[in-house]
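This report concerns only the one structure given below.
When a residue number appears, it is its place in the shown sequence, counting from 1. Excluded from the calculations below are hydrogen atoms, water molecules and symmetry mates; all remaining heavy atoms, backbone and side chain alike, are included.
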Amino acid sequence: MKQRLYIAIVMILMCGMTQMANAKTPNAHAAAHRQQLAAAKNIGLDKSTITRLVEEDIAARENSRAISAETDELLNDLLSEARSHMGKRYSRGSKGPNAFDCSGFSSYVYRQFGYNLSPSSRDQYTQGEKIDRKDLRKGDLVFFKGRSTKGGVGHVGIVVDADEKGNFSFIHAATSKGITISNCNEPYYAARFMGGKRVINE
């Protein structure tokens with residue numbers, strides 16, 4: 001039980017170190033290594049234990065983002081289908097192909113590839129596998145609160161690209177622009193991001 005407590009503490013401490021451990025430069029790697037050893041000493045774990053925990057965390061993140069050639073092709077085709085509707089108008093309750101609302105758009109695009117999503121963004125949020133923001137990849141669904149930041153799910157989009165820092169762009173049906181690509185760091189969406197879901201796995 002005591003060992004489990006130690007491991008839990010280590011995982012929390014290591015959260016902020018994962019990116020450093022992934023760094024490609026020798027200096028960054030050395031700095032991360034020194035921090036690992038310091039953390040191990042502070043809570044009574046040895047070097048091999050702390051190194052193993054960090055390596056497992058890194059491997060888990062890499063596996064989450066890795067995809068086969070077949071899946072990569074499928075996701076590229078899905079995004080090509082999504083982009084083919086760029087500029088089409090937003091219409092509340094519309095499910096395509098001439099006009100869409102946000103969940104109508106995501107469900108329409110996925111349906112072209114044999115995946116059935118609910119026509120409601122709130123219900124889509126209950127489908128698929130929950131994905132950490134830093135593990136998002138192209139094709140994942142991303143969800144946002146509605147106009148009120150205090151409300152529940154009110155908007156959904158499809159990730160176009162993402163990086164390991166949690167930054168991503170997404171294609172969606174926006175009320176003002178219709179089908180468009182936006183960035184997660186735009187103030188409106190940054191304040192309303194709720195989470196990501198993965199429908200297409202290996």
Side-chain angles (χ1 to χ4, degrees), residues 8 11-23 53-83 101-146 149 151-174 179-202:
M11 294 308 294
I12 292 171
L13 290 173
M14 289 302 98
C15 243
M17 297 180 193
T18 301
Q19 290 182 348
M20 291 187 68
N22 262 329
L53 290 171
V54 172
E55 288 175 349
E56 288 175 357
D57 182 59
I58 293 170
R61 289 191 178 278
E62 289 177 345
N63 288 337
S64 178
R65 296 177 64 84
I67 53 177
S68 66
E70 182 179 356
T71 301
D72 186 52
E73 182 178 1
L74 171 60
L75 294 176
N76 286 336
D77 289 345
L78 183 143
L79 290 175
S80 292
E81 169 66 26
R83 287 190 179 98
D101 65 8
C102 66
S103 55
F105 177 66
S106 55
S107 61
Y108 178 89
V109 171
Y110 268 83
R111 189 162 61 249
Q112 308 315 301
F113 298 87
Y115 293 87
N116 293 317
L117 296 179
S118 167
S120 159
S121 59
R122 184 169 297 182
D123 290 339
Q124 285 181 20
Y125 193 54
T126 69
Q127 297 180 270
E129 175 190 356
K130 185 177 180 180
I131 298 297
D132 184 89
R133 181 167 180 161
K134 291 183 179 180
D135 295 327
L136 287 171
R137 70 186 186 202
K138 60 186 178 183
D140 287 341
L141 297 176
V142 281
F143 297 87
F144 305 84
K145 294 178 182 178
T149 56
V153 174
H155 193 64
V156 59
I158 303 172
V159 174
V160 173
D161 58 61
D163 65 25
E164 69 281 357
K165 295 180 180 179
N167 299 307
F168 61 89
S169 60
F170 60 103
I171 187 168
H172 61 124
I179 305 304
T180 187
I181 293 177
S182 299
N183 187 278
C184 68
N185 294 317
E186 294 174 30
Y188 180 87
Y189 298 109
R192 290 169 172 79
F193 178 71
M194 292 188 69
K197 288 296 191 78
R198 180 165 300 158
V199 175
I200 300 177
N201 283 303
E202 291 296 321

Would you say that more than 12 heavy atoms from the other residues, nucleotides or ligands in this model lie under 6.0 Å from the CD of Glu70, or not? no
Enumerate, atom names and distances included, each donor-acceptor pair closer than 3.5 Å involving a side-chain atom of residues 108-117, sequence neighbours excluded.
from: Tyr110; atom 1: OH; to: Gly139; atom 2: O; distance (Å): 2.2
from: Gln112; atom 1: NE2; to: Tyr108; atom 2: O; distance (Å): 2.8

What are the two closest heavy atoms between Ser169 and Ile181, and how far apart are they? CB-CG2, 4.2 Å
Taken to the nearest 0.5 Å, the spacing of Ile158 CD1 from Phe105 CZ works out to 5.0 Å
Ser118 and Gln124 have their tightest heavy-atom pair at O-NE2, 2.7 Å
Tightest non-hydrogen contact, residues Phe168 and Arg133, listed as CE2-NE, 3.9 Å
Residues passing the salt bridge (charged side-chain N to carboxylate O under 4.0 Å, His left out) test with Asp72, sequence neighbours excluded, are Lys138
Excluding sequence neighbours, so at least two apart, what forms side-chain hydrogen bond (donor to acceptor under 3.5 Å, both in side chains) with Ser68? Thr71, Glu202
Any chance you could measure Ile131, atom CD1, to Asn201, atom CG, to the nearest 0.5 Å? 7.0 Å
Does Asp77 have any side-chain hydrogen bond (donor to acceptor under 3.5 Å, both in side chains) partners at least two apart in sequence or in another chain, and if so, which? none
For Glu73, check side-chain hydrogen bond (donor to acceptor under 3.5 Å, both in side chains) against everything at least two apart and list the hits. none
Distance, nearest 0.5 Å, that separates CD1 of Ile67 from CG of Leu75: 5.0 Å
Considering non-hydrogen atoms only, spot the tightest contact between Cys102 and Gly154 and give its length. SG-O, 4.1 Å
So does Gly128 get a backbone contact from the side chain of Arg198, meaning a donor-acceptor N/O pair under 3.5 Å? no
Write down the atom of Pro119, the atom of Ser107, and the distance for their closest heavy-atom approach. CA-OG, 4.4 Å
Just jot down the side-chain hydrogen bond (donor to acceptor under 3.5 Å, both in side chains) partners of His172, sequence neighbours excluded, or say none. His155, Ser182
Phe144 meets the ring-ring contact (aromatic ring centres under 6.0 Å, His included) criterion, sequence neighbours left out, with Phe170, Tyr189, Phe193
Rounded to the nearest 0.5 Å, what separates atom CG in Asp135 from atom NZ in Lys130? 12.5 Å
Evaluate the side-chain proximity of Ser106 to Leu141: yes if any heavy-atom separation is below 4.5 Å, no if none is. yes
Residue pair Lys165 / Lys134, side-chain heavy-atom distance below 4.5 Å: no
Any non-hydrogen side-chain atom of Arg83 less than 4.5 Å from a side-chain atom of Val160? yes
Considering all heavy atoms, the nearest Asn167-Cys184 contact: CA-SG, 3.7 Å
